[in-house]
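Whatever order the structure lists ligands and atoms in, that order sets their numbers, starting from 1.
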Amino acid sequence: MTGRLLLAVETSCDETAVALLDYSSPLDRLPRRADALRADLIASQVALHLPYGGVVPEIAAREHLQALPALLSEALRRAGGNAADIGAIAATRGPGLKGCLLVGLSFAKALASSLEVPLLALNHMEGHFYAGELNEENLPLDLPALALVVSGGHTMLVLQERFREYRIIARTRDDAAGEAFDKSATLLGLPYPGGPALSALAATGDPGRYPLPIGMPKDMTSFSFSGLKTAVSRLVDRFAPAGPGLEEVRDIAAAVETAIVEALVRKSIDAIDVHRPRTFILTGGVAANRRLRARLTEELGRRGLPFLVPPLRWCTDNAAMMAVLGARIIEREPERYRKDGWSQDELGPGVPLAVSALARWPLDEVNR
Ligand code: KG4
Ligand code: ZN
């Protein structure tokens, strides 16, 4: 690898994201790991999907195809470099929307083969985990580390015991936490995606007025939010036909938020007590939630456990996290990504040209 820049391409859902990271010196030599980022761009498609009330996969895939070339040019311009400075490419291989993944991965493959640089085909959830390295205080991601990844699509507790060895400690049986926020918000008449609006209303509501069930399956390995949705629906029905007034909406919102947050916090604490990690990471779009941050800060503080939370733009889908993951892999396994180790049918050592996108790709299988 001669180029100083690692290019990361992330297209697993509805954000087209490209980042360039200077990996010519190890991340830990920098005052802050985030200093290595030379460009970090996200083209959001939110407005395009808004009329449909959710992401339309076909539209998202087409949009990625359209957006990628211009994003890459702009990223190179910001990094003050050109394509010849790209020494390796990291692309999201899965999990995500198949068509969307195919666009980003194909783009990365074509570029990697024309520039003759290694391709790292990486797991999106592992990227979310590595966003923890970009935490505001630049705290080290010491292993074993436990991560709570909570977004509109994922809700899981993941333990990384040794480098790139993951164990899923808990996952959701039904809705993701962000989905639970969004569906409750819809029931309260708030526009999609309602999570942020619901939590804003919750700030001035009384969570004790309409208490809702905290979904705590006895089974340590799962979350469940579908019961909450049913309870909210029943509660809202009590105000038919006019629907709840603003004051009631605030109180219900506060109860919803409390029920979701408490489920997340209690499961996290259970997992901490059992697995005794050295660091705790919070990431995913729901990490924006103030009550969740405050409750975790309180509980982790009590246990003296370092709390790693990336700034919001790196909690939601982004390419910077994929770049950090790629850089760590290259640092730790340089021999695997040496150009002279290539065979003709590979895009870099260990990465066959035939590498495919995976809509489903559990984190505990990244190394298989
Ligand atoms: O990571 P993200 O941007 O997209 C994916 O789902 O991958 O997460 C978006 C989710 C949505 O469900 C949104 O409602 C939720 O995160 N969210 C919040 C807040 N901000 C975003 N949920 C609760 N409180 C918030 N402040
Ligand atoms: Zn994500």
Side-chain angles (χ1 to χ4, degrees), residues 8 10-17 42-47 49-50 53-55 57 60 92-97 100-101 104 122-132 147-156 158 171-172 174-188 190-205 207 223 225 228-229 232 253-265 281-296 309-322 325 359-361 363:
E10 152 63 47
T11 62
S12 62
C13 190
D14 62 337
E15 319 275 9
T16 319
I42 300 180
S44 174
Q45 304 179 4
V46 170
H49 300 282
L50 205 59
V55 177
T92 304
R93 181 185 183 195
L97 299 170
C100 293
L101 292 164
L122 303 177
N123 185 295
H124 176 76
M125 301 307 294
E126 192 178 13
H128 273 304
F129 199 111
Y130 270 82
L148 175 64
V149 188
V150 270
S151 72
H154 347 279
T155 295
M156 54 171 77
V158 185
R171 49 161 60 96
T172 182
D174 36 63
D175 291 342
E179 235 178 327
F181 271 107
D182 296 338
K183 288 182 177 172
S184 302
T186 305
L187 290 169
L188 289 171
L190 307 172
Y192 176 90
L198 185 147
S199 91
L201 285 166
T204 52
F223 293 100
F225 296 106
L228 175 66
K229 190 178 53 193
V232 174
V256 169
E257 185 178 69
T258 302
I260 298 172
V261 167
E262 284 312 308
L264 296 172
V265 171
I281 300 163
L282 172 65
T283 185
V286 181
N289 188 273
R290 294 235 173 102
R291 191 186 299 258
L292 178 59
R293 284 178 182 235
R295 284 286 291 120
L296 283 171
V309 195
L312 204 59
R313 71 176 186 286
W314 292 322
C315 282
T316 52
D317 290 351
N318 67 88
M321 66 186 191
M322 304 311 293
L325 169 61
R360 232 185 71 63
W361 187 15
L363 200 45

Open item on the list: Assess the residue pair T155 and L264 against the criterion (side chain to side chain contact (heavy atoms under 4.5 Å, CB included)); give the C-alpha distance rounded to whole Å, side-chain angles, the decisive distance to 0.1 Å, and a yes or no.
Closed with: CA-CA 9 Å; T155 295; L264 296 172; 4.1 Å; yes
Need the ligand 1 atom indices (1-based, order shown) with element for anything under 4.0 Å from a heavy-atom of [X].
X	value
G178	12 (O)
A288	20 (N), 26 (N)
F181	22 (N), 23 (C)
G152	5 (C), 6 (O), 8 (O), 9 (C), 10 (C), 12 (O)

For [atom], what's the nearest protein heavy atom and its distance?
atom	value
atom 24 (N) of ligand 1	N289 ND2, 3.0 Å
atom 15 (C) of ligand 1	V286 CG2, 3.9 Å
atom 3 (O) of ligand 1	T316 CG2, 3.2 Å

Open item on the list: Could you work out, for atom 2 (P) of ligand 1, the closest of G285, G153, A197, C315 by heavy-atom distance?
Closed with: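 Residue with the shortest heavy-atom distance to the ligand atom: G285.
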Open item on the list: Are more than 12 heavy atoms, taken from residues, nucleotides or ligands other than R293, located less than 6.0 Å from that residue's CZ atom?
Closed with: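 Yes, the 6.0 Å shell around CZ holds more than 12 heavy atoms from other groups.
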Which pair of non-hydrogen atoms, one from [X] and one from [Y], has the smallest distance, and what is that distance?
X	Y	answer
A131	T283	CB-OG1, 4.1 Å
S151	V286	CA-CG2, 3.9 Å
I42	D317	CD1-O, 3.5 Å

- [ ] Tell me, please: is P196 in heavy-atom contact with ligand 1, that is, under 4.0 Å?
- [x]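 True for this residue.
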Task: Under 3.5 Å: N/O of G284 near N/O of ligand 1 - done: no
Task: ligand 1 contact on D182 by region, counting heavy-atom pairs under 4.0 Å - done: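 Looking at D182 and ligand 1, just side chain atoms fall under 4.0 Å.
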Task: Proximity to ligand 1 by part of S199, non-hydrogen separation under 4.0 Å - done: side chain
How is the N/O/S atom of [X] that comes nearest to the Zn ion (ligand 2) named?
X	result
H154	NE2
D317	OD1
H124	NE2

Task: Verdict with supporting geometry, L190 and L201, side chain to side chain contact (heavy atoms under 4.5 Å, CB included) - done: CA-CA 10 Å; L190 307 172; L201 285 166; 3.8 Å; yes
TODO: For the residue pair F223 and F225, categorise the inter-ring angle as parallel (less than 30°), tilted (30 to 60°) or perpendicular (more than 60°).
DONE: parallel
Task: Candidate pair V158 and R171, rule side chain to side chain contact (heavy atoms under 4.5 Å, CB included), full reasoning - done: CA-CA 9 Å; V158 185; R171 49 161 60 96; over 6 Å; no
Open item on the list: Closer than 3.5 angstrom, by distance alone: can the side chain of N123 be matched with the main-chain N or O of W361 as a donor-acceptor pair?
Closed with: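 Here the side-chain-to-backbone pair exists.
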- [ ] Taking T11 for its side chain and C100 for its backbone only, find out whether a donor-acceptor pair lies under 3.5 Å.
- [x]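 Judged by distance alone, yes, a pair lies under 3.5 Å.
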